[in-house]
Amino acid sequence: MANHSQFGFQDASSPIMEELVEFHDHALMVALAICSLVLYLLTLMLAEKLSSDTVDAQEVELIWTILPAIVLIMLALPSLQILYMMDEIDEPDLTLKAIGHQWYWSYEYTDFKDLSFDSYMVPTAELPLGHFRLLEVDHRVVIPMESPIRIIVTADDVLHSWAVPSLGVKTDAIPGRLNQTSFITTRPGIFYGQCSEICGANHSYMPIVVESAPLTYFESWSSLLSS
Amino acid sequence: MLASRVFSLVGRRSICTSLCLRAHGHAGVVKAEDYTLPVYVDRRDMPLPEVAFVRDLSAQQKALKEKEKASWTALSVDEKVELYRIKFNETYAEMNKGTNEWKTVLGGVLFFLGLSGVILIWQKHFMYGPIPHTFSEEWVSAQTKRMLDMRVNPVEGISAQWDYEKNEWKK
């Protein structure tokens, strides 16, 4: 989850998110370079150090065509690399389904057992001391850590979106459509997210909580819940 | 003809009114009556305007123009200045000097910022209800403890700033 008044990304807990954080740093560096150049030229102009009697400007025209092309290539290449990386699905260990309803999520683990449950937000008045307001749920999505997970997202009524920022996952839940995405958690922990597509009155009150635990804990949890 | 009259009306309205000009301290720009006729302008990039500034010369000025036709060394400094003022309205120094517009702009900006602040304070005091109980100091410290226990953001975030051995924040 995010810290109080946090401005940047949450720490990555999946390899894709790590890549995205690095790319974001790279893109911001490019943006800083461009903004510094613009600020420098602006100060030159305001201090009247740039002359205005240029009629033929072949050299500078060449520079301000080539340089933006280079900048665009510098941004496009890593971006496309990550985009294709996101589409790599290498043999998930587990497939789970997330179905969005108004206003809760339901999850189905039907690989080995017939396990399905609903996940409602814990109302603020019923929160135990120290728990996170508008983020806690009654039943978390438990997954084994460091295993590729495939998740199929859909919705029952209106558009929703299943998002967990620290995993770098955001997938729209569309009624009548199955959207697939996958992720691997690099560390155990509890990762929070919120519904990311406006879906009615309680759109802000249907969070997602992913709990990543070692395989043995996952197995005992799933047998407990499905019994 | 009608089109140029309409255009000059629009042109007049788009230029700052003379009252506004005097408030900022630059009452020197001559407004063009009709954009197709030769005009006088005070512009850095037009050093030789199409017409002289003073069109109708007084008798004294006409005499001076006659004297100009002779050798210029015979002219006094005052006469030279008078001839300049017939030809041009402002000197380059007068043309280029800054205005006090920035004070008005800054004042306006600060005023509206202050006004927004007053509105926000009024809203907080008179309009909004109490904040959720999860902002109490007891809850926030329990919450922070829980975040550290579950190792939230351990790489560069909050858990990376806690010293787990010494049980205190890292220095």
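Every chain is numbered from 1, with letters handed out A, B, ... down the list of sequences.
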Quick one: what part of V152(B) sits under 4.5 Å from any heavy atom of chain A, side chain, backbone, both or neither?
side chain
Considering residues, nucleotides and ligands other than M85(A), do more than 12 of their heavy atoms fall under 6.0 Å from its CE?
yes
Let's test your reading of the structure: which of G8(A), G130(A), A125(A), A2(A) forms the most heavy-atom pairs below 4.5 Å with chain B?
G130(A)
Between chain B and chain A, which N/O donor-acceptor pairs sit under 3.5 Å?
from, atom 1, to, atom 2, distance (Å)
H133(B), NE2, T124(A), O, 3.3
T134(B), OG1, R133(A), NE, 3.4
W139(B), NE1, H131(A), O, 3.1
R146(B), NH1, E136(A), OE2, 2.7
R146(B), NH2, E136(A), OE2, 3.2
N153(B), OD1, D11(A), N, 3.1
N153(B), ND2, M1(A), O, 3.2
V155(B), N, D11(A), OD2, 2.8
E156(B), N, D11(A), OD2, 2.8
G157(B), N, D11(A), OD2, 3.2

According to salt bridge (Lys or Arg N to Asp or Glu O under 4.0 Å), who are the partners of K80(B), at least two apart in sequence or on a separate chain?
none
